[in-house]
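All of these numbers come straight from a predicted model, not from anything done at the bench.
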Amino acid sequence: MGKIKERIQPAVRKETEHVMVYTAVGVAAMWCVFLILHLVLPRKVPFDYTVILGGLFGGAVAVLNFFLMGMAVQKAAAETEEAAAKRWIQASYSQRNMMQMLWVILAIVLPCFQFVAGILPLLIPGTAIKLVGAAKGKK
């Protein structure tokens with residue numbers, strides 16, 4: 001584990017930590033919305049362990065996706081050949097999309113996950129990054 005941690009550039013580590021916080025806050029907010037909707041519409045909107053598990057696993061997949069993207073960019077930036085860097089980024093993109101699609105399928109198929117609670121966290125990092133960027137742009 002130590003060797004892997006040493007190879008992670010500080011910028012990748014820092015931004016992944018930010019995304020982890022954004023995702024945790026977003027998943028907690030999602031759980032609150034599920035709870036409120038469950039209190040209003042208890043027969044239509046569940047709030048049980050499947051919502052919690054969906055949020056936890058979906059959030060983990062979202063953060064992992066961002067981390068792997070950062071590592072791919074780090075690796076591509078270290079490449080001396082532009083074509084090799086491009087291939088590395090394309091391969092990473094395909095693999096990360098496959099990972100997310102596998103998660104979506106599992107979230108839908110497995111009864112231990114509430115599928116909406118499992119899929120929504122995948123949207124949190126991109127949305128949070130855009131909102132933070134917009135807020136910083138206004139300053």
Side-chain angles (χ1 to χ4, degrees):
M1 183 72 178
K3 287 183 179 183
I4 292 173
K5 196 172 184 180
E6 290 172 10
R7 292 188 304 198
I8 302 169
Q9 289 183 356
V12 172
R13 184 177 300 123
K14 179 182 169 189
E15 292 306 317
T16 302
E17 288 170 0
H18 288 159
V19 166
M20 204 178 306
V21 170
Y22 302 154
T23 304
V25 170
V27 168
M30 178 191 72
W31 287 336
C32 290
V33 170
F34 262 89
L35 178 59
I36 291 167
L37 289 173
H38 175 72
L39 293 173
V40 174
L41 303 164
R43 292 179 184 215
K44 294 194 181 222
V45 180
F47 189 77
D48 56 10
Y49 76 96
T50 64
V51 174
I52 303 299
L53 283 179
L56 288 174
F57 279 83
V61 169
V63 172
L64 179 61
N65 179 56
F66 183 85
F67 173 73
L68 293 174
M69 178 183 64
M71 292 302 291
V73 170
Q74 176 181 310
K75 172 91 171 163
E79 273 295 335
T80 55
E81 188 180 317
E82 186 177 333
K86 185 175 181 180
R87 282 192 307 273
W88 186 261
I89 292 293
Q90 288 173 336
S92 168
Y93 179 77
S94 296
Q95 292 166 356
R96 290 181 298 106
N97 274 343
M98 186 68 70
M99 174 187 70
Q100 289 185 90
M101 289 307 293
L102 178 62
W103 165 245
V104 168
I105 291 167
L106 290 174
I108 292 170
V109 171
L110 296 177
C112 62
F113 300 116
Q114 203 290 331
F115 73 95
V116 174
I119 296 170
L120 280 179
L122 299 179
L123 305 174
I124 293 171
T127 304
I129 289 167
K130 288 174 186 141
L131 290 173
V132 168
K136 286 181 180 178
K138 287 185 177 183
K139 285 185 180 180

Next on the checklist: I need the Glu15 CD to Phe67 CZ distance, nearest 0.5 Å.
Outcome noted: 13.5 Å

Item to check | Hydrophobic cluster membership, Trp31 vs Val61, 4.5 Å side-chain cutoff | outcome: yes

Checklist entry - So how far is it from Leu110 CG to Ile105 CD1, rounded to the nearest 0.5 Å? => result 10.5 Å

Item to check | With sequence neighbours excluded, residues passing side-chain contact (heavy atoms from CB on, under 4.5 Å) with Gln74 | outcome: Gln9, Val12, Met71

Item to check | With Leu68 via side-chain contact (heavy atoms from CB on, under 4.5 Å) - residues at least two apart | outcome: Leu64, Arg96, Met99

Side-chain donor/acceptor pairs under 3.5 Å, residues 114-129, sequence neighbours excluded:
unit_1	atom_1	unit_2	atom_2	d
Gln114	OE1	Val116	N	2.9
Gln114	OE1	Ala117	N	2.9
Thr127	OG1	Leu123	O	2.8

Next on the checklist: Applying a strict under-4.5 Å side-chain criterion to I, L, V, M, F, W and Y, I'd like to know whether Val132 and Met20 cluster together.
Outcome noted: yes

Next on the checklist: Does any part of the side chain of Phe66, heavy atoms only, come nearer than 4.5 Å to the side chain of Met69, both counted from C-beta?
Outcome noted: yes

Side-chain donor-acceptor pairs under 3.5 Å in residues 22-30, sequence neighbours left out?
unit_1	atom_1	unit_2	atom_2	d
Thr23	OG1	Val19	O	2.7

Next on the checklist: Applying side-chain contact (heavy atoms from CB on, under 4.5 Å), can you list everything that pairs with Ala84, at least two apart in sequence or on another chain?
Outcome noted: Glu79, Glu81, Arg87

Checklist entry - How long is the span from the CG atom in Asn65 to the OG atom in Ser92, to the nearest 0.5 Å? => result 8.0 Å

Next on the checklist: How about CH2 on Trp88, more than 12 heavy atoms from neighbouring residues, nucleotides or ligands closer than 6.0 Å, or not?
Outcome noted: no

Pairs under 3.5 angstrom only: tabulate donor-acceptor contacts from the side chains of residues 34-54 to other protein residues two or more places apart or in another chain.
unit_1	atom_1	unit_2	atom_2	d
His38	ND1	Val45	O	2.7
Asp48	OD1	Thr50	N	3.1
Asp48	OD1	Thr50	OG1	2.5

Next on the checklist: For Trp103 together with Phe113, are the ring centres under 6.0 Å from each other?
Outcome noted: yes

